[in-house]
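Note that ligands are numbered from 1 as they come in the structure, with each ligand's atoms numbered from 1 the same way. Computed from a predicted structure; not experimentally measured.
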Amino acid sequence: MIYDVVIVGGGPSGLSAAIYSSRARLKTLLIEKNGCGGQMTVTDLLENYPGFNDGINGVDLAVKLEYQAINFGTEIVYDEVTEIKSGKVKEVVTTNSTYKAKAVIIAAGTRVKEMDIPGEAKFKGKGVSSCATCDAPFYKGKKVLVIGGGDSAIQEAIYLAKFAKEVTILHRRNELRATKILQERMLLYPNISVMHNTVPKEIVGKEHIEEVIVTDLRTNKDKSLKVDGAFVFIGLVPNTLFPTGVNLDEQGYIITDENMRTSVDGIFACGDIRQKYLRQVVTATSDGAQAAVSAGRYIDNL
Ligand code: NAP
């Protein structure tokens, strides 16, 4: 059986592509590794996605998008893609099967970047986390460190501040990168403080994290911060983990044109995995719509 379109990844861009593709009556399969929704499922409240005056929980939006795609006829399988083979008929190889398609849309998103410091791997799940929404309740009345100065770090620090006694944000520069509205909101929480010009050097503990050694970049001196948890939000890396044959930029993001076409005929990419300026749910859903329409035109012209 040959699908018209196989979509790799069930985040907002992949689900939006699925809605547009199946509504155009293209036989559409979406392959997702874990559960649909991607990064937004670890977001407590999306308040900049248009149309929801009081914001919307990330999981709730993911479920709505998934149902919308299924209602228009998208098939969803849960499996891990290991390779995409190009040709007139493309093959999407997974751990358990191989799916054939006329067009493929890669929407595999990003994952949180690791710090690559001693102790990080050892204490993952034992005090080191990248999901405040998942783990904040474990830190009721405790001290936590948030590493990073972007939107994720500040948004998650605000969430953590509702549980933890003290939240210290560790940022490598003297100015935060996060949107001003998040910075303003952070000031409303007296238990959040920011330590500027400082980077983590090592995570230390026995069974569980006990302290983080940090370096003050102005003095080059190290000091120890006694904490119960460290939440890492130092940016994202693209999930271009499997061979696809498409051109990538120097950071590994897929290069596309504005119609989401990659360097390989009939393979499209959308959402956070592609080289772009603004990574937001709203730009991901927009990309997905465009990718599906481009895939439809490509199939029409075959
Ligand atoms: P980001 O915007 O890339 O910010 C990463 C932060 O980590 C920066 O402050 C960066 O410092 C710091 N950093 C990077 N490498 C580091 C290292 N090795 N050691 C210490 N600090 C390091 O990443 P993000 O916050 O995860 O956001 C990713 C994307 O999702 C962005 O486009 C963001 O706007 C979007 N997002 C949006 C929302 C929202 O709209 N509410 C929420 C979450 C995420 P520098 O500032 O010095 O570079």
Side-chain angles (χ1 to χ4, degrees), residues 11-13 37-52 54-59 61-62 107-121 128-134 136 145-160 167-186 192 194-203 212-218 220 222 225 230-239 249-253 270-287:
S13 66
Q39 295 265 5
M40 73 176 171
T41 57
V42 293
T43 303
D44 177 45
L45 192 69
L46 294 162
E47 58 177 20
N48 52 6
Y49 191 75
F52 297 94
D54 300 318
I56 180 163
N57 172 269
V59 173
L61 183 58
T110 52
R111 64 188 186 282
V112 175
K113 193 158 88 182
E114 294 186 347
M115 296 184 293
D116 217 9
I117 59 168
E120 181 182 21
V128 174
S129 168
S130 285
C131 179
T133 326
C134 322
L145 202 60
V146 168
I147 299 151
D151 285 337
S152 300
I154 308 311
Q155 185 168 289
E156 303 293 293
I158 291 169
Y159 188 75
L160 280 161
V167 179
T168 306
I169 297 170
L170 204 71
H171 182 43
R172 64 181 177 183
R173 287 187 296 132
N174 61 358
E175 199 183 320
L176 295 172
R177 177 183 291 278
T179 321
K180 289 287 179 279
I181 193 168
L182 287 175
Q183 296 192 38
E184 285 164 19
R185 194 165 304 152
M186 177 186 83
I192 300 181
V194 184
M195 199 176 265
H196 289 286
N197 302 299
T198 313
V199 288
K201 187 178 179 186
E202 186 176 354
I203 297 176
V212 178
I213 313 292
V214 301
T215 308
D216 185 324
L217 295 174
R218 289 160 302 190
N220 218 20
D222 293 349
L225 302 177
F231 287 78
V232 184
F233 305 104
I234 60 164
L236 306 168
V237 284
N239 282 329
D249 70 8
E250 63 286 351
Q251 291 175 289
Y253 289 99
C270 58
D272 283 4
I273 198 165
R274 76 181 190 95
Q275 183 191 59
K276 64 194 288 195
Y277 182 66
L278 183 63
R279 293 194 171 84
Q280 296 276 303
V281 178
V282 69
T283 60
T285 53
S286 159
D287 278 7

Check whether R173 reaches the backbone of H196 with its side chain - one donor and one acceptor, N or O, closer than 3.5 Å.
no
Which of the numbered atoms in ligand 1 are below 4.0 angstrom from a heavy atom of Q280?
34 (O), 35 (C), 36 (N), 37 (C), 40 (O)
Which of the atoms in ligand 1, numbered in the order shown and given with their element, are less than 4.0 Å from a heavy-atom of G149?
6 (C), 7 (O), 8 (C), 9 (O)
Compute whether any side-chain donor of one residue and acceptor of the other, for D151 and T179, lie under 3.5 angstrom apart.
yes
Atom 47 (O) of ligand 1: nearest protein contact (heavy atom, Å)
R173 NE, 2.7 Å
Nearest heavy-atom approach of T43 to L46 is CG2-CD2, 3.9 Å
Could you find the nearest protein heavy atom to atom 34 (O) of ligand 1 and give me its residue, atom name and distance?
D151 OD2, 2.7 Å
What protein heavy atom sits nearest atom 8 (C) of ligand 1, and how far away is it?
R177 NE, 3.6 Å
Do P200 and ligand 1 have an N or O pair less than 3.5 Å apart?
no
Residue pair N48 / Q280, side-chain donor-acceptor N/O under 3.5 Å
yes
Among the heavy atoms of Q155, does any lie under 4.0 Å from an atom of ligand 1?
yes
Contact atoms of ligand 1, heavy-atom distance to K113 under 4.0 Å
15 (N)
Could you tell me, atom by atom, which parts of ligand 1 come under 4.0 Å of a heavy atom of G148?
7 (O)
CZ-CD1 distance between R172 and I147, expressed to the nearest 0.5 angstrom:
12.5 Å
Between P200 and M115, what is the shortest heavy-atom contact and its length?
CG-SD, 3.6 Å
In this structure, atom 44 (C) of ligand 1 is nearest to the protein heavy atom S152 OG, 3.3 Å
For H171, atoms of ligand 1 separated by under 4.0 Å from a heavy atom:
9 (O), 11 (O), 45 (P), 46 (O), 47 (O)
Could you check atom 32 (O) of ligand 1 against the protein and tell me its nearest heavy-atom contact, residue, atom and distance included?
R279 O, 3.5 Å
Does one side chain, of T198 or D216, offer a donor that lies under 3.5 Å from an acceptor on the other?
no
Which atom pair, heavy atoms only, marks the closest approach of L160 to A136?
CD2-CB, 3.7 Å
State the CD-CG distance between Q155 and L45, to the nearest 0.5 angstrom.
8.0 Å
Which protein heavy atom lies closest to atom 11 (O) of ligand 1, and at what distance to 0.1 Å?
R172 NE, 3.1 Å
Show which atoms of ligand 1 fall inside a sub-4.0 Å distance from at least one heavy-atom site of F233.
6 (C), 7 (O)
State the atoms of ligand 1, each with its element, that fall below the 4.0 Å cut-off from a heavy-atom position in L236.
28 (C), 29 (C)
Rounded to the nearest 0.5 Å, what separation is found between the CG atom of D287 and the CD1 atom of I273?
11.5 Å
of all protein heavy atoms, closest to atom 14 (C) of ligand 1 is I234 O, 3.1 Å
Closest approach of any protein heavy atom to atom 23 (O) of ligand 1, naming residue and atom
G235 CA, 3.3 Å
